[in-house]
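One structure is given below, encoded as structure tokens.
Below, chain A is the first sequence line, B the second, and so on; all start at residue 1. Computed from a predicted structure; not experimentally measured.
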There are 2 protein chains.
Amino acid sequence: MTAQERMLEALRTEVLTGALRPGEQVVQEVVAEQHGVSRVPVREALQTLASEGLITHVPHRGYFVTRLSIPDLLEVYRLRTILETEALTAGIPVLTDADVNTIAELADRVDSAAAERDMAALTHANRDFHFAMFDAAGMPRLSRLLRQLWDASDVYRSLYFQQAGNRERVGREHAAMLDAVREHDVETTIRLHDEHRQHSVSWLTAALRREPAHRRTP
Amino acid sequence: MTAQERMLEALRTEVLTGALRPGEQVVQEVVAEQHGVSRVPVREALQTLASEGLITHVPHRGYFVTRLSIPDLLEVYRLRTILETEALTAGIPVLTDADVNTIAELADRVDSAAAERDMAALTHANRDFHFAMFDAAGMPRLSRLLRQLWDASDVYRSLYFQQAGNRERVGREHAAMLDAVREHDVETTIRLHDEHRQHSVSWLTAALRREPAHRRTP
DNA sequence: CCGGCGCAGACTGTATACAATCGAACTCTG
DNA sequence: CAGAGTTCGATTGTATACAGTCTGCGCCGG
């Protein structure tokens, strides 16, 4: 595995778990030293994250963790709604029994991570759970676009998960989805996803309004 | 402007106009020498294009112009249909008179480029024409996703434009769209876009089937 | 006292140099 | 003669070194 791939993974995790906070500058030399590599692979990883939108690049100034505005967050969720509906419509009917079992297992993993308050594991397991359904559509580009949109909002989802009530709610919602998925009930699965999203977007906009204390991404 | 930005622009143009053909390897040193820079900014531009999907990266092997398969092409057009419909629904009703004039002007530019058989100009003007409508939705992320999808298929659109009949057809289709846009007729604009897309996708799949002669992207 | 100017420091951007990896042609062997 | 091993060339990946740009602070003048 190349150094830039390691850096990409490391940086993505740090952003997604909130170790690097929105608006914060990512100084190349610091990251390089922490991981024992030179600045070159760090730059290339940052480049990738920038083109995905997770990081914002300002020439001659540096790389900053992207800070979502509320309108941007709403747009992300609107696009997710459209594209996830498409993915579920194509994917749920063609799920095999093995797929369903995998999804059930992933739901368990979400629960354990939630119980242990392991945010990194929770974020990952949650993604895996949902993308097991999305990927079933067999539309790699659609999956990829969705991953980008999830990346963009994961920075804030870690906030959402930090509250115990939200973690419990997610557990219940996932269980309901699993039931619908078991019966290949596309309509219900979509409806549950819509509600799931709806709740987190309202919670998050409220949270963002409460805490406008970061300074703007320069 | 930094060197990597110049390289990004240059490489993107070369891929989109077909100067670099699908499947072909992009050798860093060659590109660097051609443009009088070192390999570093070239690498960073390639990195970005790779994360957008225009270029495929194989560690320790190199960067290759992505070759679309027919299923992939169909997926791109399906996603474009969904997202462009969304953009037009939001954008067409709120177009100002100035916007409409801009669009009309862009349609003219497409025609002139077509008349002069200037493929690079044609590709650019065509994009500008359509994105003038899409961008009107005021959804920057949606525009961005659409640009990615366009990038992915532009490699093949240059093929489409090389045929005179297609160029004329596009001129007529754009004129019809312009009329619909002038009247803020969302439904007709969407229908025309659907037909527009439908024709190019059928033409392109046929063309791809005729010419499967490239060697596989390794 | 306040606003513009210049300088120092930090950080980014790029070039050059070196190390590692891959593929293909060639050789050697059964 | 076929096939596995091997060496060589080309190309990529990474480190180091240097150049350029921006920011913030202090100084000077009004």
* Between B/Gly62 and A/Pro59, which has a closest nucleotide on DNA chain D that is more 5'? -> B/Gly62
* Tell me, please, the opening and closing nucleotides of DNA chain D, 5' to 3', among those with an atom under 4.0 angstrom from a non-hydrogen atom of chain B. => D/dT11 to D/dT14
* Asked: Going by the angle between their ring planes, with limits at 30° and 60°, are A/Phe134 and A/Trp150 parallel, tilted or perpendicular?
  -> perpendicular
What is the distance from [atom1] of [X] to [atom2] of [N], rounded to the nearest Å?
X: A/Glu24; N: C/dC11; atom1: CD; atom2: C1'; result: 16 Å
X: A/Arg43; N: C/dT12; atom1: CZ; atom2: P; result: 8 Å
X: A/Phe64; N: C/dC11; atom1: CZ; atom2: C1'; result: 10 Å
X: A/His60; N: C/dG9; atom1: NE2; atom2: C1'; result: 18 Å
X: A/Arg39; N: C/dG13; atom1: CZ; atom2: P; result: 8 Å
X: B/Glu44; N: C/dT12; atom1: CD; atom2: P; result: 12 Å

* NA contact type, B/Gln4, heavy-atom cut-off 4.0 Å: base, sugar-phosphate, or nothing? -> sugar-phosphate
* NA contact type, B/Val42, heavy-atom cut-off 4.0 Å: base, sugar-phosphate, or nothing? -> nothing
* Side-chain contact, heavy-atom cut-off 4.5 Å: B/Thr66 with B/Leu54? -> no
* Would you please say whether a donor-acceptor pair under 3.5 Å links the side chains of B/Gln47 and B/Tyr63? => yes
* Between B/Glu44 and B/Gln4, is any side-chain donor less than 3.5 angstrom from a side-chain acceptor? -> yes
Does the distance from a Lys or Arg side-chain N to an Asp or Glu carboxylate O, for [X] and [Y], drop under 4.0 Å?
X: A/Asp135; Y: A/Arg147; value: yes
X: B/Arg78; Y: A/Glu86; value: yes
X: A/Asp151; Y: A/Arg127; value: yes

* Asked: Heavy-atom contacts under 4.0 Å between residues 28-36 of chain A and DNA chain C, which residues?
  -> A/Gln28
* Asked: Between B/Arg157 and B/Tyr160, is NZ or CZ placed under 6.0 angstrom from the six-membered ring centre and within 45° of the ring axis?
  -> no
* Asked: Could you go step by step and tell me if A/Thr96 and A/Asp99 meet the side-chain hydrogen bond (donor to acceptor under 3.5 Å, both in side chains) rule?
  -> CA-CA 5 Å; A/Thr96 65; A/Asp99 291 333; 3.1 Å; yes
